[in-house]
Structure formats: structure tokens, C-alpha cells
Amino acid sequence: MKPLLIGGEWVDTPQAVSNINPSDVSDIVDRYAQAGISETQSAVDAAAHAFPQWSRTTPQARHDILKATGDEILARKEEIGTLLSREEGKILREGIAETARAAHIFLFFAGEALRVTGDSLASVRPGIGVEVTREPVGVVSIITPWNFPIAIPAWKIAPALCFGNTVVFKPAELVPGCSWIIADILKRNGLPAGVLNLVMGRGSVVGQAMLDDERVDAVTFTGSIETGNRVAEACVRHMRKVQLEMGGKNPLVVLDDADLDVAVECAVDGSFYSTGQRCTASSRLIVTEGIHNRFIEALAERMRGLVVDHALKTETEIGPVVDAAQLEQDRNYIDGARNDGGNIRCGGGVLTRQTDGFFLEPTLITETHPHMRINREEVFGPVASVIRVRGYDEALAVANDTPFGLSAGICTTSLKHASHFKQNAEAGLVMVNLPTAGVDYHVPMGGRKRSSFGPREQGSYAREFFTEVKTAYTRP
Ligand code: NAD
């Protein structure tokens, strides 16, 4: 059993849960300890005690630990990437790439630890100096989803530690493996006791206990809108900082003048890779009528060749969905779209493979309308719907007609339309001739409307959430 990490000690619990491979349910990845309310409170206690000392460590000390952690993750990317693919179902190539990305995030924030700047200004009043400095926030609670088992923990843990905060971290129930490895690497690379505490367990128990604890100064959350709302309410009640990254219903607009091959590749990658289980997945393909039939034909042809199988097989392009509940949810959305008048142009069926896993055919639904449920709610599976529009203006209006605002893409060879779309898409991320999913680790990531709340994550912008600003006036 893999234990919890509290106050620098590995802690076993009476309960443990099995981490099951969605490509093969007979493959138990490992068993993981389960925290309850008292373990969570001990973890917050440890983080609160560790804060005064950790917040005063030198930038060099923080740099060295983050750098050593990034180096070790990078050196072990095949091994950790394989674990990731086993616990989440992402194909091996994607598992290794995500692991390398997590390593680079730690290396980026190792550098950021040396670049914590402030401002020094003259006062508007004579003889007074003004300094604006940044300080750590305190105890940060980190709550993560299952779909990026190492990248999302990395992009929250690395900046939290970089800026001198201490952490109580709760990974998603389905994917504790990569999180346990991060905790182990940080501990072995010299992170002092209590600075990062790992409490695996149920959201309704561990997550809720963190939200209820007065000593938590800030919460950074990625997950569904429903849980995000709950997190936000608790944080407002406690008047603490909160950062939420939630769902998407991301549009990919394909205009008549698009390069057809580019558009098809953007749709295949954005809609179906990582089994469509990305918050930035292209779930609405908004296609102008001049290219509509050619695009559908070419996309369906490409989809028929996609290999869906066990995530660790070298030829696999799309792995399983994450568990039985997600498979059921995906099928309900597909059935619902069919009942609402959509045409299942490609896929839609559950697949049987050598191993007992949750395999779903990538699914393309045509003849849909913006008001259908399939175009309003996040599916979170390898499912894309097509909306036919008359021209660019209608495409933009449909793209923005959603409560979400995470990522928006356009395929076009028109500079005029690309520029207009970049300025007018109501999204935090805009992609031109690129899939809606797939972002760099050194620039901000986040959305608008109901997709996100609070300051941006990643890149140098991460400091807005993980630091407090202080303004000091001095009369010498
Ligand atoms: P989820 O909301 O079910 O769970 C997210 C986390 O919250 C888990 O760790 C869970 O245990 C915890 N949790 C559950 N109940 C809680 C409670 N009462 N109090 C505190 N914590 C609680 O989401 P999920 O199914 O794991 O992830 C999928 C969702 O994540 C999708 O909606 C997806 O779009 C979103 N997501 C968003 C981004 C982004 O950057 N915008 C990135 C990845 C995933």
C-alpha cells in the first residue's frame, strides 16, 4: 500500500483503495491509503507549522529542490509515463509527453524562484519611498482532477512551493499514482517536513475537510463546475483566495477557405486524442457550408482508421475512457444527441478488445443545432458534434454562444478572419490553425465565463495567485 505523506512521515491508514487500469480492469496498478477527516486536519496542521520557516527559505534553496525534482521526473519520464497511462488510460506517447511537461514545469518554477521581483517608486508625497513586494499566501490547498494526473498537480505544486507557500494536496480518487511519485521525489530531494502533505481520499471527505479548515489560506482547484461551485462558496464563506479551472465546450471553427488537411488534423487531435478527456477538447465543430460536406467526408475517413485499444500498445492512438461511469456518461450524451435529431455519422459504439477495458469508438455527430444538449454541456469523451453555419459571422456567434470560455479555435487561410477571431472569441485561449487542445507550459492557461475563476495558472502569471502583494511606505 502507498501511504499518505503528513508532516514528513509516511502514514498508513486502515482503508486503502485499488487503482485500476481502465485499459484492463484485471490490472491493479497499486493500492493507496485513504485519508479521513482527522488525517486531513493533521496535514493542514503540518502545513501551518512548516509555513513560517519555509516562507523564509532562500530563493536558492527553493530553486535547488524544484530543479532536482524536475530533473528526476525528466530522467524517469518513461517509467512515470507508463504508470500514468496505466492509471488514466492515456496512450503511452501522451503519458510520457505529459510527464516531460510536468518536469519542465518544475524546472520553469525553479527559475521563477530566483526572479521574485517587486517595485520601488517615489511617493506622490515628498520624502517618502514606496516599495511593492510579494509574499507567500500561506497554506495552500490543492485539489486536482483525474484527466492530467501529473501535469495539473505539477502546475499547482511547483508555483506554490516556488513562492514560499506550504501545501495540502488532494489528488483525484482515480489517479493517485503520479501524485504519490511527485510527493516521494520532493521528499527525497530535500523538501522539509510538512511543506507538502499528500492526502489521498474522497473529495466529499478530504476535499470538504480542507475547505472547512480555517487554517487554509488559499484553494486552487481544477475539476467540474459542480465541485467548483462548492469550492467557491466555501472560500467566500472563509474569505480566502480561490482559483478555479473548470469545464469547456470548446468550438473549432472551420471556414470555407481552410486548408482541408489542416482542419481535419486539428479536429482529430482536438476532439479525440487523449480520448477527448481534455478540458480544452474541441467538442463543437462549427463548419461553414462551402466546405461542410468535404470536411465531414475527410474527417469520417480519417476517423475510421483510428486505432482504439489498450493504452500501452504501441499502435494505439486512442486509449479507453477513464472508468465505467464516464463510459456511461458518454453513451448517454450520444444517445441523447441521436434522440434530439443528430446523425451519428461515425462511431458511437462500445468496443471489445483483448483486455477488459472501457473502449469507446470516436464519435462524430452531424446535423446538430446550437441549442441541443450535446452542444450545451461538456461530454468529456471522444465525441464531437458538427454545426453547419452560413459564414464567418454566424460561426463566431455560435462559437461564443456557450456559458463556457476556455479555448476556441479557427481553421482559415484568411488573415482578416484569423485576426478578427483572435480579438472576438470569448475564450481564454485562442488557436489559429491549431487544435483547441495542446498548450505551452511557460505561458498562462485559463478561461473566461463559467470555465475559470480567479487569476491565471502557469507561466510568470502564476505569481498572482500564489503571492500576496504588500505596499510599504518609508520616511527615512
Ligand atoms: P471533479 O469535480 O469530480 O473532481 C475534481 C476534484 O475535486 C477531485 O480531486 C475530487 O475528489 C474533488 N472533490 C469532489 N468533491 C469535492 C468536495 N465536496 N470538496 C472538495 N473537493 C471535492 O472533476 P473530475 O471529474 O475529476 O475532472 C473532470 C473535470 O475537470 C472536467 O469538467 C474538466 O473540464 C475539468 N478540467 C478543467 C481543466 C482546466 O484547466 N480548465 C483542466 C482539466 C480538467
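First listed ligand is number 1; within each ligand, the first listed atom is number 1. Heavy atoms only: backbone and side chains are in, while hydrogens, waters and symmetry mates are out.
- Taking every non-hydrogen atom of Asn147 and a distance limit under 4.0 Å, the qualifying atoms of ligand 1 come out as 43 (C), 44 (C).
- Ligand 1 does not have Leu174 within reach: every non-hydrogen atom of the residue lies 4.0 Å or more from it.
- Under 4.0 angstrom from ligand 1, the non-hydrogen atoms of Thr222 come from both its backbone and its side chain.
- Of all non-hydrogen atoms in Pro320 and Thr275, the two that sit nearest each other are O-OG1, 3.4 Å.
- Side-chain atoms of Ile6 and Glu39, non-hydrogen and from C-beta on, do get closer than 4.5 Å to each other.
- Given atom 39 (C) of ligand 1, the protein heavy atom at minimum distance is Cys279 SG, 3.3 Å.
- By the 4.5 Å heavy-atom criterion applied to side chains, Val116 and Phe163 are counted as neighbours.
- Stacking of Lys67 on the aromatic ring of Phe106 is not recorded, the 6.0 Å distance cut-off and the 45° axial limit not both being met.
- With hydrogens left out, the protein atom closest to atom 34 (O) of ligand 1 is Glu378 OE2, 2.6 Å, a heavy atom.
- A heavy-atom distance below 4.5 Å is found between the side chains of Leu299 and Val268.
- Scanning Pro171, Ser224, Gly207 for the heavy atom closest to atom 23 (O) of ligand 1 points to Ser224.
- Contact atoms of ligand 1 toward Glu245: 37 (C), 39 (C), 40 (O), 41 (N) (distance under 4.0 Å to a heavy atom of the residue).
- Residue-ligand proximity, Ile152 to ligand 1, at heavy-atom distances under 4.0 Å covers atoms 42 (C), 43 (C).
- Given atom 26 (O) of ligand 1, the protein heavy atom at minimum distance is Trp146 CD1, 3.1 Å.
- In this structure, the side chains of Arg456 and Met445 stay at 4.5 Å or more apart for every pair of heavy atoms.
- Of the protein's heavy atoms, Phe380 CE2, 3.7 Å lies nearest to atom 28 (C) of ligand 1.
- Looking at Glu173 against ligand 1, only its side chain comes within 4.0 Å, counting heavy atoms.
- None of Val140, Val139, Thr166 except one satisfies the side-chain contact (heavy atoms from CB on, under 4.5 Å) rule with Asp217; the exception is Val139.
- Distance check: Arg373 CZ to Asn339 CG gives 10.5 Å after rounding to the nearest 0.5 Å.
- In this structure, atom 12 (C) of ligand 1 lies nearest to the protein heavy atom Ile143 CG2, 3.6 Å.
- The option from Pro145, Ser179, Gly223 that lies nearest to atom 29 (C) of ligand 1, judged by heavy atoms, is Gly223.
- Listed by number with element, the atoms of ligand 1 under 4.0 Å from a non-hydrogen atom of Phe221 are 2 (O), 5 (C), 6 (C), 7 (O).
- Of the N and O atoms on the side chains of Asp330 and Gln326, at least one donor lies less than 3.5 Å from an acceptor on the other residue.
- Taking the six-membered ring where tryptophan is involved, the planes of His104 and Tyr441 are essentially parallel, since the angle between them stays under 30° and well short of 60°.
- No hydrogens or angles considered: nothing links the side chains of Thr13 and Gln34 as a donor-acceptor pair under 3.5 Å.
- Residue contacts with ligand 1: Ser451 is placed with no nitrogen or oxygen under 3.5 Å of a nitrogen or oxygen of the ligand (distance criterion only).
- Atoms of ligand 1 lying under 4.0 Å from any heavy atom of Leu211, numbered from 1 in the order shown and given with element: 19 (N), 20 (C).
- Both tests pass for Lys90 against the ring of Phe148: distance under 6.0 Å to the centre and angle within 45° of the axis.
- Protein heavy atom nearest atom 17 (C) of ligand 1, with residue, atom name and distance: Gly203 O, 3.3 Å.
- Inspection of the Ser18 and Arg31 side chains reveals an N or O donor paired with an N or O acceptor under 3.5 Å.
- Looking from atom 4 (O) of ligand 1 to the surrounding protein, the closest heavy atom is Thr227 OG1, 4.4 Å.
- Which parts of ligand 1 touch Met246 is read off a 4.0 Å heavy-atom cut-off, strictly below it: atoms 34 (O), 35 (C), 36 (N), 37 (C), 38 (C), 39 (C), 41 (N).
- Nearest residue to atom 18 (N) of ligand 1 from Arg278, Arg230, Met445 is Arg230 (criterion: closest heavy atom).
- Where the criterion is an N or O separation shorter than 3.5 Å, residue side chain and backbone included, Arg202 fails it with respect to ligand 1.
- In this structure, the protein non-hydrogen atom closest to atom 8 (C) of ligand 1 is Thr144 O, 3.3 Å.
- Ligand 1 places these atoms under 4.0 Å from at least one heavy atom of Leu406: 41 (N).
- Taking a cut-off of under 4.0 Å to the non-hydrogen atoms of Gln208, the atoms of ligand 1 that pass are 17 (C), 18 (N), 19 (N), 20 (C).
- If you check the side chains of Gln41 and Asp213, you find no donor sitting under 3.5 Å from an acceptor.
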